[in-house]
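This report refers to the structure that appears directly beneath it.
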Amino acid sequence: MKLAKTTTATAFNYIFLSKRIFPYVKPLIPRMLLAFILAIPLGLLDGATAYALRPYIDVVVNGNTMIVRGFELTRDLLATLIPWLIVGFAVMQGVLKYINAYLTDWLSNKISNSIKIDLFKKLTSLNSKFFDENTSGIVLSRFLNDPDTASKSVIESIKTLITCATGALGLVAVLLYNSWKLALVGVVVLVIAFLPVAMIRKKIKQVSNATMVVGGGINTNFNETYHGNKIMMGYSLQDSLNAKFGTQIKKSFDLAMSLTKRVGWMSPIMYLIASIGVAIVMLFGNHLIISREMTTGSFASFITSLLLLYKPVKDLGRTLTSLQTVFVAMSRVFELFDIHPEITDKEDAIELKGINSGIEFSGVYFEYEENAPVLKNINLNIKKGQTVALVGNSGGGKSTIVNLLPRFYDVKSGSIKIDGTDIRNFTLSSLRKNISEVFQDNFLFSGTIKDNILMGKFNATDEELERAIKGAHLDEFLHTLEDGIDTEIGERGTSLSGGQRQRVAIARAMIKDAPIIILDEATSALDNKSEAIVQKALENLMQDKTVFVIAHRLSTIKNSDFIAVINDGQLVESGTHEELLKLENGQYRFLYEMQFAKA
């Protein structure tokens, strides 16, 4: 699946999205309910403040009498009590806001982290094809940024909705209490002001998806600049990369402004409609006061409530707009969960417990892209303990052959068998447990040298670790490091030389002690001195193993049990070094004379 081609078809299917996110919400329901319950008085307290103005104006300012349940509220009592009540309301709101904000952040981060953990599990379960089709920037954007947008914002948005809704209801209650006629006018105006929110959903979805793609491109640019810094400096690519980044930033800016153009007019339109409503209310209110249908205190309370009502309604509109972005991101998140790896275990898959007789490639065809075959009718028979060297022109399919063995990809047709059993009948974990790989550019993870070696076998004993270190000739440079095997090597092992990284990778493969070894150009990027040391380590690794070698080193190829010549995805020749040299006009003989004769 190409992540940039998201459809977000479920972006506004709120019931579907609610069901999908519910498992992450369910364990947190008690705290969530508490946060939502606290949001109710937060909204209602604005109405209490507005309501307090009615007795204050009528009794304290105008000197009218107010009797509540037979008890007369005097001017002096209310003059003292109401200001302190307003202060009390403010203090209560402040405390509730703090508690509510803490709960909201706690809940948001809990949900976001749970989703990220599951998404990372999903990422580690995907096949090589997925990583071939998607850039690191898009993957980072979809797997890290979208969960934050989806889960962190949704709790805040729901809390805001509750606060605004209850605040609006409380203020509407005050409006109705003061004058139902004026309240009717006010509510109708607010409903009209609220309508534009429903008109922008589609545009938000388009811009959100486009922004995700551009953001992914920006992330990729940073990653490539970081990891390719020497190429950048060596080829003076700064201006080119700066121009590329500037173009990406412009696209991001244009998308943001495109959304602003369509969303930005909502606030002034709502403000204009609300202002017209206030003007109508004031005109009608003057009539009601003159006709003695309401007091000046009631009118002051009404106007205050109406003005206060504008904020929660405006926040409601902004929150609902924000929620559209949240739901689009949420839809993208659950699209990721719905990706199914193409290479999985069969229901009745069996365990591979070593190799007894050998490995057979039978009529293997493979293609990365539809109708563009990379391998065509490959037939190989490798007996246990043999070393086969794969040689041929660049891009001919040598690496593809060895990538099919651990099922990084699956054959298009034909089969690969171990001891007569199709590898697709083995569990992936047991198949890969029996194969160790050493590549040209071995990836080392951040951490220590010891951490990286033990990735081959986490429960290895100290004796096994020491044996792997010596076998890989790591001890020759470990003693030169202050922290020895516990030295931190940095991201991708950048603090080590190429030869040192190769020896760590060989030690990792050695401690795994798998019966099948794949060596893909394992020494081609090294200088002569490093290559000699690494070659000794490889020879230790290869002892008593079944080995696939892709190499340019003459001695490795000559000493192989047999050589397979792969050109343009086809097996054109196979045999020992001596046998292939005897073939007149043979491909191997041509390669030997062109590349190896001077070695």
Side-chain angles (χ1 to χ4, degrees), residues 124 127-128 343 345 349-361 380-390 398-410 416-445 450-461 463-474 501-523 534-551 556 560-561:
T124 57
N127 306 139
S128 296
I343 301 174
D345 289 341
I350 59 176
E351 295 286 313
L352 174 61
K353 299 178 180 178
I355 176 173
N356 296 314
S357 56
I359 302 167
E360 180 186 3
F361 288 71
L380 290 171
N381 202 320
I382 304 100
K383 294 178 182 177
K384 178 183 178 181
Q386 281 190 329
T387 296
V388 56
L390 304 177
K398 303 184 296 295
S399 294
T400 300
I401 289 175
V402 295
N403 283 336
L404 293 176
L405 187 57
R407 294 188 69 196
F408 295 154
Y409 306 90
D410 263 345
I416 303 172
K417 297 177 180 177
I418 296 178
D419 297 341
T421 301
D422 194 310
I423 60 173
R424 287 169 289 192
N425 293 326
F426 296 120
T427 62
L428 283 170
S429 60
S430 68
L431 173 65
R432 292 168 181 172
K433 186 178 180 181
N434 282 273
I435 303 171
S436 290
E437 300 91 2
V438 180
F439 301 108
Q440 177 180 346
D441 183 18
N442 285 284
F443 191 95
L444 299 184
F445 291 83
K450 182 178 181 180
D451 292 335
N452 275 275
I453 296 174
L454 289 178
M455 285 176 183
K457 186 179 180 181
F458 287 109
N459 60 349
T461 63
E463 290 76 15
E464 289 173 319
L465 179 61
E466 187 63 29
R467 190 159 55 245
I469 290 171
K470 289 183 177 178
H473 292 274
L474 272 174
R501 284 198 299 272
Q502 289 298 82
R503 280 182 274 171
V504 172
I506 292 168
R508 181 169 63 194
M510 196 168 284
I511 206 168
K512 186 177 181 181
D513 196 26
I516 302 170
I517 304 293
I518 293 172
L519 306 177
D520 191 350
E521 304 281 11
T523 62
V534 170
Q535 188 61 37
K536 291 179 183 177
L538 287 173
E539 288 168 2
N540 292 335
L541 173 65
M542 294 163 62
Q543 287 181 13
D544 303 319
K545 308 294 184 186
T546 304
V547 184
F548 291 78
V549 179
I550 301 173
T556 303
S560 300
D561 294 291

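Everything numeric here is computed off the predicted structure, so don't read it as measured data. Quick note: residue numbers are just sequence positions, from 1.
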Enter the distance from Ile518:CD1 to Asn403:CG here, rounded to the nearest 0.5 Å.
7.0 Å
Could you state the interatomic distance from CG (Leu405) to CG (Leu431), rounded to the nearest 0.5 Å?
6.5 Å
Compare every heavy atom of Ile435 with every heavy atom of Ala514, then report the nearest pair and how far apart it is.
CB-N, 3.5 Å
Please report the interatomic distance CG(Leu404) to CG(Asp410), rounded to the nearest 0.5 Å.
8.0 Å
I'd like to check Ser436 versus Leu541 (side-chain heavy atoms, cut-off strictly below 4.5 Å). Are they in contact?
no
Please report the interatomic distance CG(Leu390) to CD1(Ile401), rounded to the nearest 0.5 Å.
5.5 Å
The side chain to side chain contact (heavy atoms under 4.5 Å, CB included) partners of Asp451 (sequence neighbours excluded) come to Thr448
Which heavy-atom pair separates Val438 from Ala509 by the least distance, and what is that distance?
CG2-CB, 4.0 Å
Quick one: do Asp520 and Glu437 satisfy side chain to side chain contact (heavy atoms under 4.5 Å, CB included)? Show the steps, please.
CA-CA 8 Å; Asp520 191 350; Glu437 300 91 2; over 6 Å; no
Non-hydrogen atoms of Leu454 and Ala460 that approach each other most closely:
CD2-CB, 3.9 Å
Has the side chain of Asn434 got a donor or acceptor atom that lies under 3.5 Å from a matching backbone atom of Gly354?
yes
Closest heavy-atom pair, Thr546 versus Gly385, reported as atoms and distance to 0.1 Å, is OG1-N, 2.9 Å
Output all residues satisfying salt bridge (charged side-chain N to carboxylate O under 4.0 Å, His left out) with Arg432, sequence neighbours left out; order by chain, then residue number.
none
Quick one: pull up CZ in Arg424 and NZ in Lys417 and give me the separation to the nearest 0.5 Å.
9.5 Å
Sequence neighbours left out, what passes side-chain hydrogen bond (donor to acceptor under 3.5 Å, both in side chains) with Asp345? Give chain and number order.
none
Salt bridge (charged side-chain N to carboxylate O under 4.0 Å, His left out): which pairs involve residues 508-518, sequence neighbours left out?
Asp513-Lys545
Run the side chain to side chain contact (heavy atoms under 4.5 Å, CB included) test on Ile418 and Ile516 for me, step by step, so that the C-alpha distance in whole Å, both residues' side-chain angles and the decisive distance to 0.1 Å come before the verdict.
CA-CA 11 Å; Ile418 296 178; Ile516 302 170; 4.0 Å; yes
About how many Å separate CD of Glu360 and CG of Asp422, when rounded to the nearest 0.5 Å?
10.5 Å
Flag, side chain of Asp561 to backbone of Val388, donor-acceptor distance under 3.5 Å
no
On a heavy-atom basis, which atom in Ile453 and which in Ile511 lie closest, and how many Å separate them?
O-CG2, 3.3 Å
Check the pair Lys457 / Asn459 against side chain to side chain contact (heavy atoms under 4.5 Å, CB included), numbers first and verdict last.
CA-CA 6 Å; Lys457 186 179 180 181; Asn459 60 349; 3.2 Å; yes
Residues which pass side chain to side chain contact (heavy atoms under 4.5 Å, CB included) with Ser430, listed by chain and number, not counting sequence neighbours
Glu351, Leu352, Phe426, Thr427
Donor-acceptor check, side chain of Gln386 to backbone of Phe548, threshold 3.5 angstrom: yes or no?
no
If I compare all heavy atoms of His473 with all of Arg503, which pair ends up nearest, and what's the gap?
O-NH1, 2.9 Å
Taking it one step at a time, do Lys470 and Asn540 satisfy side chain to side chain contact (heavy atoms under 4.5 Å, CB included)?
CA-CA 10 Å; Lys470 289 183 177 178; Asn540 292 335; over 6 Å; no
Who passes side-chain hydrogen bond (donor to acceptor under 3.5 Å, both in side chains) against Lys433, sequence neighbours left out?
none
Between Asn127 (side chain only) and Ile343 (backbone N and O only), is there a donor and an acceptor less than 3.5 Å apart?
yes
